[in-house]
Structure formats: structure tokens, C-alpha cells
Amino acid sequence: MSLPVFIHPDLSTARTGEAFSFSGPEARHAVTVKRMGEGERLELIDGTGIRLTLTITAATGKDSLEGMVESIATTPEPIPRVTVVQAIPKSERAELAVDLATQAGADEIIAWQADRCVAKWDGKKAPKAVAKWQAAADSAAKQSRRARIPQVRGPLTTPQLVQELRRDRAAGDAAAAPTVLVLHEEATASIKDVPLADDVVVFVGPEGGIGDAELDRLKEAGATPIKLGPEVLRTASAAMVALAAIGMRTQRW
């Protein structure tokens, strides 16, 4: 059985065979919810790929642990790196979309304020909404035993994303440009047939779909519309299925 995983803000000072302390909300969860104590083992991650195994030597108070570092390992970055551009779903599906994408291995998640999004993140709402998405990614990373946690940013509009795509393409040669895929029910190309670069960007549209004008703007910026199969997937599960397909096609899996 795999060890329980907790997030530590900084593991850079940890050394194998040395004592290491762990405090804060995550340690409180280990002590008060999991009721972990002396002699038990857990894993710590900091989201950057470091995975540390700790044997608890003492629980001090309700939110602090001390332990001995058993091992430290670093998980390499996957190739290709996959960024999910997720159109903002309705509230009940938003965190589910982030959860599933994180479980499936997304390396970055961008909140997309697509033209047909029902949910609208105004200036005051955006920071809180991004924080909720990041919390969902953190939780899903722990549950799926990931050492790397996808960072959430946004929201970005379609013109802002198009500008980023064009900048990325202009920054390097054509061979190094990311593969940009737009999941679209009317696409004729299949994900199994599209060449994949070392960086892949996957656009997942809103419940109402991606409008023709919006799709044209993305295509002009280098995006390729593709379909995952004969079924039309919900916006919350589409990224997970796309990541699974990419995983099967590449060395990610």
C-alpha cells in the first residue's frame, strides 16, 4: 500500500538520514485527521518533483511533526509537457475538471474565459476562483501520488491566449513550437494521427461549445481541431481523456 502524501512548502533543505520538521495545515491533517504518530511513514512533496519519505519520530502539538528522512527522489518532467486550457465550466463542474485533469497528469492548467462560457470571472472573483482551482489541483495531486503539482493561472481570454501562442511560435524554430490541439466535435482529424511536439497545449471548450469565429482565431494561431472519438465528452472529463490518449501515444505512460 502506498504511503499517505502531504505537501511541504520547501524540501530543498532536507537531507537523507537527517532530522526534518513538518508543520502547518498539512501536518495538522496528518496528526489530527490521519492520527499518524511515532514510527509511521509518510511522503512529502513540494510540487516541483521532489518526493521525500519520512519516518515520524515525534508529533509535537496538533500541527507539527518531526521525523528522520529515509529517502529523497526527484521525478523527472514528463515528455511531452501538457498544458490544459480549460474553458471555465459552471461551478459544479469547475473543480471536477481540474481534479480529473490533475489525476491524468496535466502539467499546467489555464482557466479560459471562452466566448460561450456561462461562468464569468470578473476582476474581484478571479483570484479566489484561481485559488479554488489550485486547491483542487493540490488535493488531486496528493490523492494520485503525484510529485509534481500543476500550477493554475488565468483567467485568459481568447485574444490573450492567441497572443501567447503566437509569441511561443515566434520565440523558436518551427520544430520547437508546441503542438496546439483544440477538442472539437466537428473536427475530422483524430488525436492518434496528429504529430506531437515536446510541448502540447490542449484546449477544452465550454458547455456551449467553441464558436466558429473563436475557433478560426485559434487555428490562425497554429491550433489544430481534433476529436477524441465518436462521443461528445463533457467539458469536465475531456481533458482527462485527452491526457490519457497522449499518454498512450508517448513516453509519458
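Owing to the predicted nature of the structure, the values given are computational and were not obtained by experimental measurement.
The backbone N or O of I88 sits nowhere less than 3.5 Å from a side-chain atom of Q113 that would complete a donor-acceptor pair.
Connection of V130 to L161 is not established within any shared hydrophobic cluster, with ILVMFWY side chains joined at heavy-atom distances below 4.5 Å, either directly or through further cluster members. When the side chains of ILVMFWY residues are joined at heavy-atom separations under 4.5 Å, either directly or via intervening members, L243 and V204 end up in a single hydrophobic cluster. No path of Ile, Leu, Val, Met, Phe, Trp and Tyr side chains, each step under 4.5 Å between heavy atoms, connects I79 with L181, placing them in separate hydrophobic clusters. The cluster map of Ile, Leu, Val, Met, Phe, Trp and Tyr, joined by side-chain heavy atoms under 4.5 Å apart, puts L196 and L218 in different clusters. Residue V82 is not grouped with residue L156 when hydrophobic side chains (ILVMFWY) are merged at heavy-atom distances under 4.5 angstrom, including chains of intermediate members.
Summarising the geometry of V162 relative to A221, their closest heavy-atom pair is CG1-CB, 3.9 Å, with the distance given to 0.1 Å. Smallest separation of non-hydrogen atoms from P225 and A189: O-CB, 3.8 Å. Here the shortest heavy-atom pairing between F20 and D10 reads CZ-O, 4.0 Å. Of all heavy-atom pairs between A19 and M68, the closest is N-SD, 3.7 Å.
The only option from D63, L52, I56, L44 that meets the side-chain contact (heavy atoms from CB on, under 4.5 Å) definition with F22 turns out to be L44. With V152 as reference, I109 is the one residue of I109, T102, V84 to meet the side-chain contact (heavy atoms from CB on, under 4.5 Å) rule.
The residues E43 and R145 are annotated as not salt-bridged, no charged nitrogen and carboxylate oxygen being separated by less than 4.0 angstrom. Note on R249 versus D193: no salt bridge recorded, every NZ/NE/NH1/NH2 to OD/OE distance being 4.0 Å or above. Using a cut-off of 4.0 Å between Lys/Arg side-chain N and Asp/Glu carboxylate O, K227 and E186 are scored as not salt-bridged. The existence of a salt bridge linking D138 and R146 is excluded, since no basic side-chain nitrogen approaches an acidic carboxylate oxygen closer than 4.0 Å. In this structure, R234 does not pair ionically with E207, as no charged nitrogen and carboxylate oxygen lie closer than 4.0 Å. A salt bridge is defined here as a Lys NZ or Arg NE, NH1 or NH2 lying under 4.0 Å from an Asp or Glu carboxylate O, and K90 with E95 fails to meet this definition. A salt bridge between R41 and E70 is present, with a side-chain N of the basic residue lying under 4.0 Å from a carboxylate O of the acidic one.
Counted by atom type alone, W112 and T157 present zero donor-acceptor pairs between their side chains at under 3.5 Å.
Two rings, from W133 and W121, have their centers less than 6.0 Å apart. You'll find the ring centres of F203 and H184 outside the 6.0 Å limit.
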Could you go step by step and tell me if T53 and L3 meet the side chain to side chain contact (heavy atoms under 4.5 Å, CB included) rule? CA-CA 9 Å; T53 302; L3 299 176; 3.9 Å; yes
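Residue-environment remark: NZ (K120) exceeds the threshold of 12 foreign heavy atoms within 6.0 Å.
Atom-to-atom distance recorded for S237:OG and D99:CG is 12.5 Å, nearest 0.5 angstrom.
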